[in-house]
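Order of the sequence lines sets the chain letters (A, B, ...), proteins ahead of strands, with each chain counted from 1. FYI, side chains are in, hydrogens and waters are out, and symmetry mates aren't considered; it's all heavy atoms of this structure. Everything numeric here is computed off the predicted structure, so don't read it as measured data.
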There are 2 protein chains.
Amino acid sequence: MIQTRAIRLFTERGYDATTVTDVAEAAGVSPMTVYRHFPTKEDLVLIDQHGMLVAEQIAATPAAQPLVRRIGSALIEAVTTLTGDRHGGDLTANEQFLLARLRLMISTPALRAKHLDNHYALQQAIVGAIIDEGSDTDAAFHAHAAASACLAAMHTALVRWAEDDGRSELPDLIAKALAAAFGDDVVAVASE
Amino acid sequence: MIQTRAIRLFTERGYDATTVTDVAEAAGVSPMTVYRHFPTKEDLVLIDQHGMLVAEQIAATPAAQPLVRRIGSALIEAVTTLTGDRHGGDLTANEQFLLARLRLMISTPALRAKHLDNHYALQQAIVGAIIDEGSDTDAAFHAHAAASACLAAMHTALVRWAEDDGRSELPDLIAKALAAAFGDDVVAVASE
DNA sequence: ACCGCAATGGTAGTGACTACCAAGTCGGTA
DNA sequence: TACCGACTTGGTAGTCACTACCATTGCGGT
């Protein structure tokens, strides 16, 4: 509720030009109630309830597959469940909300920076899910590089999605970005 | 000068626990002089004078090579000129300064976020250097994915470098991270 | 001695965010 | 009905990053 109003205000007037007090008034609460629910102004846009189950999904993946494929398919699956299946029809309300958030995140420096940092945290979680305690540092290094590159590809896909107004299916875009970054053969199977 | 004092203070007391006024006093100037030279507190750590010539370097690279190799070798070259050649000897003063900055950047959320966003800006510049005005959107999409993944690999290398106290050569680490992300064959030639 | 200009400092304000405390609301219990 | 404790909300006052506007100082050139 507060979040919905906030994103509408941010979209209309701009993020920086909107104060937290504005958001509070629009939502009919006091500024401190806003801070109670959203620790920072940025979190009004960035907090997602969906959590980061990606890491768990990856841990459940057969370890024999190449890292890029394991991570890539987990990302695609997470996004698929997030946006839901829609084949050619209109955007769902959820997707429109995601698009609005995404546009804010990409165009506002402060939000973009924190969003990239969230990806960074996700990367740590992914590597934690892949790597055992005892494994050598080289393995961790490889896992970090692979996870980092996969998330970067995903971010590229998100930007593209926002640019084409959500016309493309997000999972397909992620698969394409992964293929562009790593070569078609490596990722081809990931999108199934 | 101001920057040196600032990084020392941040390292000793922590970034958040140090106010801009503290930095100003330590440098013997007024707070506003600090803001004159560094538009934000974060820039006290993040501003690098070295600029982003990477994009220009890439534009000068033969276009026939695969994107990943073009971007990767440019990154390695940029870092080599930044840290200088040192084969097994002690760390140079410059490298020690870079390490201190890097540790702050990695461990402080606000700095890490802005640092990742700087990489993002670099990515935009790289893609701008690679892609002509008229080229189709798919080409741009591929370039973004490749650049994004390369920068992510570079960041991983930076973290590893900070963790091993600069013992490794940074260019080698970047080459290894690229190889881990993209496969050895793709990048092998990039480090020469 | 004078002028122009760059760098510096002061003042007052805005806005994000915190700490501490007060008050209302609501479910269960005697 | 009266009471109690937990949860949620609101108020006050303060810190700190950052800005806008203006005054001052130092310094090289004429």
Side-chain angles (χ1 to χ4, degrees), chain A residues 1-49 100-101 103-118 120-121, chain B residues 1-49 51 100-118 120-121:
Chain A
M1 177 59 198
I2 294 180
Q3 193 178 30
T4 314
R5 298 288 183 119
I7 287 177
R8 181 160 30 223
L9 278 185
F10 290 158
T11 304
E12 288 168 4
R13 309 185 198 169
Y15 178 78
D16 290 329
T18 309
T19 72
V20 175
T21 307
D22 292 338
V23 173
E25 282 176 4
V29 294
S30 87
M32 18 219 359
T33 304
V34 175
Y35 282 115
R36 204 93 51 179
H37 294 284
F38 303 89
T40 71
K41 183 183 178 186
E42 290 151 354
D43 288 319
L44 279 167
V45 179
L46 291 175
I47 278 190
D48 55 343
Q49 346 22 12
R101 271 185 24 167
R103 291 220 180 79
L104 276 172
M105 283 163 41
I106 293 166
S107 59
T108 309
L111 293 175
R112 188 180 52 223
K114 194 155 176 175
H115 171 236
L116 293 171
D117 196 49
N118 286 351
Y120 192 79
Chain B
M1 177 60 198
I2 294 179
Q3 194 179 29
T4 315
R5 299 286 183 120
I7 287 177
R8 183 161 27 224
L9 278 185
F10 291 158
T11 304
E12 288 169 3
R13 308 186 198 169
Y15 177 78
D16 291 328
T18 309
T19 71
V20 175
T21 308
D22 291 338
V23 173
E25 282 176 4
V29 295
S30 88
M32 18 216 1
T33 305
V34 175
Y35 281 114
R36 204 91 53 176
H37 294 282
F38 303 89
T40 72
K41 185 183 178 185
E42 290 151 354
D43 287 319
L44 279 166
V45 179
L46 291 176
I47 278 190
D48 55 343
Q49 335 39 359
R101 273 186 22 170
L102 203 46
R103 292 221 180 77
L104 277 172
M105 282 163 41
I106 293 167
S107 59
T108 310
L111 293 175
R112 188 180 52 224
K114 194 155 175 175
H115 171 235
L116 293 170
D117 196 49
N118 285 350
Y120 191 78

Trainee: Pairs counted as Watson-Crick or G-U wobble with both distances under 3.5 Å: what dot-bracket string results for DNA chain C, using | for bases tied to another strand?
Mentor: ||||||||||||||||||||||||||||||

Trainee: Atom pairs under 3.5 Å, N or O on each side, protein against nucleotides 14-21 of chain C: can you list them with distances?
Mentor:
{"residue": "C:dA16", "atom": "OP1", "partner": "A:Val20", "partner atom": "N", "Å": "3.4"}
{"residue": "C:dA16", "atom": "OP1", "partner": "A:Lys41", "partner atom": "NZ", "Å": "3.2"}
{"residue": "C:dA16", "atom": "OP2", "partner": "A:Val20", "partner atom": "N", "Å": "3.4"}
{"residue": "C:dC17", "atom": "OP2", "partner": "A:Lys41", "partner atom": "N", "Å": "2.7"}

Trainee: I need the CZ-P distance between A:Phe38 and D:dT9, as an integer number of Å.
Mentor: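 So the CZ-P distance, A:Phe38 to D:dT9, works out to 11 Å.
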
Trainee: Taking OP1 and OP2 of C:dT8, is either one under 4.0 Å from a side-chain nitrogen or oxygen of B:Thr33?
Mentor: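 Answer no for this pair, as no side-chain N or O of B:Thr33 is under 4.0 Å from OP1 or OP2.
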
Trainee: Measure the OG1-CG distance between B:Thr11 and B:Leu104 for me, rounded to the nearest 0.5 Å.
Mentor: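 Answer rounded to 0.5 Å: 4.0 Å.
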
Trainee: Supply the atom-to-atom distance B:Tyr15 OH to B:Ile7 CD1, rounded to the nearest 0.5 angstrom.
Mentor: 11.0 Å

Trainee: In whole Å, what is the span from the CZ atom of B:Phe10 to the C1' atom of D:dC16?
Mentor: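 That distance rounds to 13 Å.
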
Trainee: How long is the straight-line distance from CG of B:Leu116 back to NZ of A:Lys114, given to the nearest 0.5 Å?
Mentor: 13.5 Å

Trainee: In whole Å, what is the span from the CE atom of B:Met1 to the P atom of C:dA7?
Mentor: 18 Å

Trainee: Closest heavy-atom contact between A:Gln3 and A:Asp43?
Mentor: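 Answer, listing the atom of A:Gln3 first, then A:Asp43: NE2-O, 4.2 Å.
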
Trainee: Rounded to the nearest 0.5 Å, what separation is found between the CD1 atom of B:Ile47 and the CZ atom of B:Phe38?
Mentor: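 Answer rounded to 0.5 Å: 6.0 Å.
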
Trainee: Working to the nearest 0.5 Å, report the span between OG1 of A:Thr4 and CZ of A:Arg101.
Mentor: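 Separation between the atoms: 10.5 Å.
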
Trainee: Ignoring backbone atoms, test whether B:His37 places a side-chain nitrogen or oxygen under 4.0 Å from the OP1 or OP2 oxygen of C:dA7.
Mentor: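 Looking at the OP1 and OP2 atoms of C:dA7, neither is under 4.0 Å from any side-chain N or O of B:His37.
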
Trainee: Does A:Leu44 form a side chain to side chain contact (heavy atoms under 4.5 Å, CB included) with A:Phe10? I'd like the steps, not just the answer.
Mentor: CA-CA 10 Å; A:Leu44 279 167; A:Phe10 290 158; 4.1 Å; yes

Trainee: Got a second to check how far A:Glu42's CD is from A:Asn118's CG, nearest 0.5 Å?
Mentor: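 Spacing of CD (A:Glu42) from CG (A:Asn118) equals 9.5 Å.
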
